[in-house]
Amino acid sequence: GEDVEQSLFLSVREGDSSVINCTYTDSSSTYLYWYKQEPGAGLQLLTYIFSNMDMKQDQRLTVLLNKKDKHLSLRIADTQTGDSAIYFCAESGPGGYNKLIFGAGTRLAVHP
Amino acid sequence: SQTIHQWPATLVQPVGSPLSLECTVEGTSNPNLYWYRQAAGRGLQLLFYSVGIGQISSEVPQNLSASRPQDRQFILSSKKLLLSDSGFYLCAWSVKRSSGNTIYFGEGSWLTVV
């Protein structure tokens with residue numbers, strides 16, 4: 001079945017690295033996504049990775065994909081208070097029409 | 001550039017009242033359109049998607065309906081709201097591709113049914 005799982009909460013100190021993990025079930029997913037949701041707002045696309053890639057880096061963000069284990073992670077270097085938000089992992093899932101399947105979201109809290 | 005707008009941003013409605021949330025996309029044509037719901041402390045659930053005018057697919061049985069009267073307009077409705085309809089509703093769009101396309105979200109609408 002289709003299922004995306006991620007831990008619900010992560011707390012880090014400002015300046016440290018944050019690693020948010022996600023597991024998915026559909027091996028046919030061609031793209032995997034990370035979205036960020038700030039309080040009371042919609043979702044903002046952070047980054048995505050194509051399934052034939054192992055790693056993608058974009059400034060402070062690093063995405064690692066282990067396709068064999070169906071494991072995706074998002075690393076935020078030098079975490080800042082402005083990074084406090086809910087981070088959603090999503091897979092493109094089966095079929096067309098881009099019916100993304102989302103995890104429940106990981107709430108990242110950054111403290112001084 | 002493409003933009004997506006949805007309104008109202010917040011809504012408090014009594015049980016049994018009707019609902020209409022509206023979403024419009026600008027700067028693109030013939031997009032796929034989506035309605036998601038985010039219940040408190042939970043992930044996003046796809047409610048409806050549309051690949052064209054008048055074409056609506058429902059993902060889960062529920063008290064809600066959707067319509068697409070124009071290419072870039074997507075409406076979420078209910079005739080009689082239930083308490084369980086409370087949540088954060090997100091409209092989204094994507095370009096048509098066979099797979100692996102990015103979905104862009106609106107700012108969301110908070111619905112509280114009392």
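In what follows, chains are A, B, ... by sequence order, proteins preceding strands, each numbered from 1.
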Single-linkage hydrophobic cluster B/Leu11~B/Trp35, side-chain heavy atoms < 4.5 angstrom | yes
Distance from A/Tyr33 atom OH to B/Thr102 atom OG1, nearest 0.5 Å?
-> 4.5 Å
Any side-chain heavy-atom pair from A/Phe102 and B/Ile103 closer than 4.5 angstrom?
-> no
Can B/Phe105 be reached from B/Trp7 by stepping across I, L, V, M, F, W or Y side chains whose heavy atoms are under 4.5 Å apart?
-> no
Quick one: what part of A/Leu43 sits under 4.5 Å from any heavy atom of chain B, side chain, backbone, both or neither?
-> both
Cluster link A/Phe88 to B/Trp110, ILVMFWY, side chain under 4.5 Å = yes
Please look at B/Gln45 and chain A and tell me whether the side chain, the backbone, both or neither of the residue comes under 4.5 angstrom of a heavy atom of that chain.
-> neither
Should we count OH of B/Tyr89 as having more than 12 external heavy atoms under 6.0 Å?
-> yes
Spell out, yes or no, whether B/Tyr34 and B/Ile75 are grouped together once hydrophobic residues are joined by side-chain heavy atoms under 4.5 Å, including indirect joins.
-> no
Closest heavy-atom contact between A/Leu100 and B/Tyr36?
-> O-OH, 3.3 Å
Tell me, yes or no, whether the heavy-atom count around A/Gln59 atom CD, taken from other residues, nucleotides or ligands under 6.0 Å, exceeds 12.
-> no
Looking at OH of B/Tyr104 and OH of A/Tyr35, how far apart are the two atoms once the value is rounded to the nearest 0.5 Å?
-> 7.5 Å
Heavy-atom distance under 4.5 Å to chain B: side chain of A/Gln44, backbone, both or neither?
-> neither
Give, as side chain, backbone, both or neither, the part of B/Leu46 having an atom under 4.5 angstrom from any heavy atom of chain A.
-> side chain
